[in-house]
There are 2 protein chains.
Amino acid sequence: AAQVHDATKRYGKGDSTVMALNGVTVGFQKGRFTAIMGPSGSGKSTLMQCAAGLDQLTSGRAFIGSAELGRLSEKQLTLLRREKVGFVFQQFNLLPTLTAGENIAFPLRLAKRRPDKAWMDQVVQTVGLADRLDHKPSELSGGQQQRVAVARALVERPEIIFADEPTGNLDTHSSGEILSFMQTAVRDLGQTVVMVTHDPGAASYADRVLFLTDGRLTGEVMAPTV
Amino acid sequence: AAQVHDATKRYGKGDSTVMALNGVTVGFQKGRFTAIMGPSGSGKSTLMQCAAGLDQLTSGRAFIGSAELGRLSEKQLTLLRREKVGFVFQQFNLLPTLTAGENIAFPLRLAKRRPDKAWMDQVVQTVGLADRLDHKPSELSGGQQQRVAVARALVERPEIIFADEPTGNLDTHSSGEILSFMQTAVRDLGQTVVMVTHDPGAASYADRVLFLTDGRLTGEVMAPTV
Ligand SMILES: Nc1ncnc2c1ncn2[C@@H]1O[C@H](COP(=O)(O)OP(=O)(O)OP(=O)(O)O)[C@@H](O)[C@H]1O
Ligand SMILES: Nc1ncnc2c1ncn2[C@@H]1O[C@H](COP(=O)(O)OP(=O)(O)OP(=O)(O)O)[C@@H](O)[C@H]1O
Ligand SMILES: [Mg+2]
Ligand SMILES: [Mg+2]
């Protein structure tokens, strides 16, 4: 569903250059749940953003389906993302003037698709926010805001969901609900999930775990158990 | 070092009232490391902010040392916090136009205290940010921003540190460094630490773990082991 070849990403210039990605080649197969772990600053968010078309590689190639991201215009890239990609940001990126409910439905509005009401309800139930939909982000706890960000990515039922530490602010019960739901979306609906996490418990829901260190892949575990 | 008595906190009015705190009485003894756990939305951040004087209770009383927070003027409260309290926010609250180094030194500037250079270096080493001090928050990874927020609270060597999920975005190695450091600050320097966490591994560094559910204390464990 998505892949990168020989991907590099450089930030800064001269002495203060940081090679956030330093030669990464990886494929995310359709209908699979991949977890990515690694030290803080190892390049996980950078890899996710480049694979999802939210940022550009310095060198190397990135694909979603058969479309090469580096060859698309800004407009084509935006349309591709809107149609195929859901993204849960490490820092949520919610719209502060919209309520939780409006934030969740927002990508569907943008894509001019009508929310499937039954699906919307199921997603809202899963993230446990049914009684908080009328509140704005500033009136929600940290974990509730994170759950709004997760619901927003799930409700579009995109082909591929990139989730950057989606359970970092959640207790075991709330994370379990979300992780099982993503697992079900992969096994029953054929969606593809790529999830960054620091929690081995969360990684154990995935089919495969990749390890990133200093911008390079340094390991892989299939069908992990905690 | 700090305590709350019969604390309640209500948000909203009428039908959409939320009792974020619903009768909490707890003391945080000087020189102790307390962890607070509980479901997302149970009132942990609210309890921390009211105990630290960043927000006002609806009813009940909060004290830092012998000073009753509800009886202080805004100015007295600000001075008390600046002198005695360090706070690590769940969403960091870094100043976007300052570098990591400037963010870390900021509270000392405000309090017109000179940073003790050796201590500053030790804190920066502990959080592993020595090579990122000249970068602004937007040029840092999620976990690096979290570590700036932690360093900023530690560098003032306040009597009491309130840390709201300080390791949520960190890998095991980085969290371990920070948690051991806080434990040392408590055992060797007599500081007081109150830490919200969803991670039982992090809670195991504390002397005592409190459990909060729906705005009430529902349990306590002394000297936890994982
Ligand atoms: N400004 C506000 N207006 C209305 N409700 C609020 C406001 N701020 C917080 N709340 C509600 O108060 C309750 C407690 O919030 P709090 O942030 O203390 O939870 P928490 O335990 O820190 O959760 P998390 O683990 O998700 O960070 C939540 O249900 C939240 O939605
Ligand atoms: N705009 C930028 N300018 C300079 N350096 C940057 C910029 N954005 C990120 N970096 C650096 O690139 C490296 C990788 O960052 P990235 O956000 O991908 O890490 P991460 O693995 O997601 O970390 P975390 O687990 O802390 O979220 C980090 O060292 C970071 O400081
Ligand atoms: Mg990251
Ligand atoms: Mg909170």
Side-chain angles (χ1 to χ4, degrees), chain A residues 11-12 15-16 18 20 37-49 89-92 94 99 127-129 131-148 150 164-165 167-175 177-178 196-202 211-213, chain B residues 11-12 15-16 18 20 37-49 89-92 94 99 127-129 131-148 150 164-165 167-175 177-178 196-202 211-213:
Chain A
Y11 289 114
D15 282 356
S16 69
V18 177
M37 300 187 77
S40 172
S42 56
K44 306 179 298 296
S45 296
T46 302
L47 174 60
M48 296 269 283
Q49 286 166 10
F89 291 90
Q90 190 168 2
Q91 279 149 46
F92 322 153
L94 302 181
T99 64
V127 297
L129 286 175
D131 60 346
R132 311 298 294 150
L133 290 182
D134 299 332
H135 290 253
K136 296 208 177 74
S138 60
E139 298 166 340
L140 298 175
S141 77
Q144 287 165 344
Q145 293 176 34
Q146 185 159 42
R147 287 183 268 151
V148 173
V150 170
D164 199 347
E165 300 198 35
T167 62
N169 282 283
L170 300 178
D171 55 280
T172 332
H173 173 73
S174 312
S175 326
E177 293 289 304
I178 285 172
V196 167
T197 184
H198 281 302
D199 175 8
F211 296 88
L212 201 67
T213 312
Chain B
Y11 289 114
D15 282 356
S16 68
V18 176
M37 302 187 76
S40 173
S42 55
K44 305 179 297 297
S45 295
T46 302
L47 174 59
M48 298 268 282
Q49 286 166 10
F89 292 91
Q90 190 168 2
Q91 278 148 47
F92 323 151
L94 302 181
T99 63
V127 298
L129 286 175
D131 60 347
R132 311 298 293 150
L133 290 182
D134 300 332
H135 291 252
K136 297 209 176 74
S138 59
E139 298 165 340
L140 297 176
S141 76
Q144 289 166 344
Q145 292 176 35
Q146 186 158 41
R147 287 183 269 152
V148 173
V150 170
D164 198 348
E165 300 198 36
T167 61
N169 281 283
L170 301 178
D171 55 279
T172 333
H173 173 74
S174 312
S175 323
E177 294 287 305
I178 286 172
V196 168
T197 184
H198 282 302
D199 175 8
F211 296 88
L212 202 66
T213 312

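Below, chains carry the letters A, B, ... as their sequence lines are ordered, and counting in each starts from 1.
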Portion of Val18(A) that has a non-hydrogen atom of chain B nearer than 4.5 angstrom: side chain
Derivation of the side chain to side chain contact (heavy atoms under 4.5 Å, CB included) call for Gln91(B) and Asn169(A): CA-CA 10 Å; Gln91(B) 278 148 47; Asn169(A) 282 283; 5.6 Å; no
Spacing of Thr197(A) atom OG1 and Asp171(B) atom CG [to the nearest 0.5 Å]: 11.0 Å
Selection from Ser42(A), Ser174(A), Gly142(A) maximising heavy-atom pairs under 4.5 Å formed with chain B: Gly142(A)
Reported NE2-to-NE2 distance for the pair His173(B) and His198(A), which is rounded to 0.5 angstrom: 12.5 Å
Among Ala20(B), Gly41(B), Gly38(B), residue most engaged with chain A (heavy-atom pairs, under 4.5 Å): Gly41(B)
Reference residue Ser40(B); test side chain to side chain donor-acceptor pair (under 3.5 Å); the match among Gln144(A), Gln145(A), Arg147(A): Arg147(A)
From Asp199(B) atom CG to Thr172(A) atom OG1, the distance as rounded to the nearest 0.5 Å: 9.0 Å
Side chain, backbone, both or neither of Gln146(A) within contact of chain B (heavy atoms, under 4.5 Å): neither
Partner chain A: residue of Gly12(B), Ser175(B), Pro39(B) with the largest heavy-atom pair count (under 4.5 Å): Pro39(B)
Pick from Arg132(A), Glu165(A), Lys44(A), His135(A) with the largest number of heavy-atom pairs that fall under 4.5 Å of chain B: Glu165(A)
